[in-house]
S.K.: 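Can you keep this structure in mind? I'll have questions shortly.
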Amino acid sequence: MKRTYFTLLFCISALAWASAQFKLPSLTYRYSALEPYIDSTTMYIHLNNHHAAYVNNLNKTLEKYPDLQQLSIEELLANLNKVPTDIQTAIKNNGGGHYNHSLFWTLLAPVSSSKISPALEQKLSKSFGSLDAFKVEFEKAALSRFGSGWVWLIKNNTGDLQIISTPNQESPIMSSADVKGIPVLLLDVWEHAYYLKYQSKRAAYVKAFWNVVNWQEVEKRVDQK
Ligand code: MN
């Protein structure tokens, strides 16, 4: 029953977006592929309700701006300071939400499908002391982000790997970012990302995340010139 309802909701939504500039991506794995670490209901709702709302609201915001519709989401966020001031916040929230989630899905992988390579482990060890030390620092950033936001591993402007966190839907590719860089890995720490399964236990969700990281995608991004 729930499945039918979701399918119907999805079809209606898909029709509404058919002509829109920005589109909701499809996952390359099943909603249940990250079980038991991230449950399939959370994945379904996260993509089709939360992420979809950001896409929908972004397209509505840009309805009267055909020039801005021509930009990629990365270009739009990198030039946030140049868009009309009355739509800057809407783009920051909804464009940011679209970009962050689109990237997040690609950095997750089905359980046991992705192992970290010795080369990547060595790079993380060089920056953080060891793989475990990297994880500890990343988890600390995830837990100390007050309220809603994201934690990131980025390659910063000097080429170093660095862990940062951002509030709400902000990101290191925005013109307004305090610390800019190429996103390498990110984790959604909004309650909607984990509340169904973990309730208020954000720490347990953050620890579980390591079981579903797409390390191949992380490595590709680390090696990006
Ligand atoms: Mn989210």
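Side chains included, hydrogens not; waters and symmetry mates left out as well; all remaining heavy atoms used. Ligands are counted one by one from 1 in listed order, and the atoms in each one are counted from 1 as well.
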S.K.: Just wondering, more than 12 heavy atoms not from Asp178 lying within 6.0 Å of its CG?
M.R.: no
S.K.: Show all protein N/O/S atoms under 2.8 Å from the Mn ion (ligand 1), or state that there are none.
M.R.: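 Metal shell, protein only: His46 NE2, His101 NE2, Asp188 OD2, His192 NE2.
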S.K.: If the plane angle is over 60° it's perpendicular, under 30° parallel, otherwise tilted; pick one for Phe209 and Phe138.
M.R.: parallel
S.K.: Side-chain atoms of residues 107-114: list all donor-acceptor pairs with protein atoms under 3.5 Å, sequence neighbours left out, distances to 0.1 Å.
M.R.:
from   : atom 1 : to     : atom 2 : distance (Å)
Ser113 : OG     : Pro110 : O      : 2.6
Ser114 : OG     : Trp215 : N      : 2.8
Ser114 : OG     : Gln216 : OE1    : 2.5

S.K.: List for me each residue that meets salt bridge (Lys or Arg N to Asp or Glu O under 4.0 Å) alongside Glu137, sequence neighbours excluded, and say none if there are none.
M.R.: none
S.K.: Could you pull out all residues at least two apart from Lys220 that satisfy salt bridge (Lys or Arg N to Asp or Glu O under 4.0 Å)?
M.R.: Glu217
S.K.: Before we go on, tell me: are the rings of His46 and Trp105 under 6.0 Å apart, centre to centre?
M.R.: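 Distance test on ring centres: under 6.0 Å, yes.
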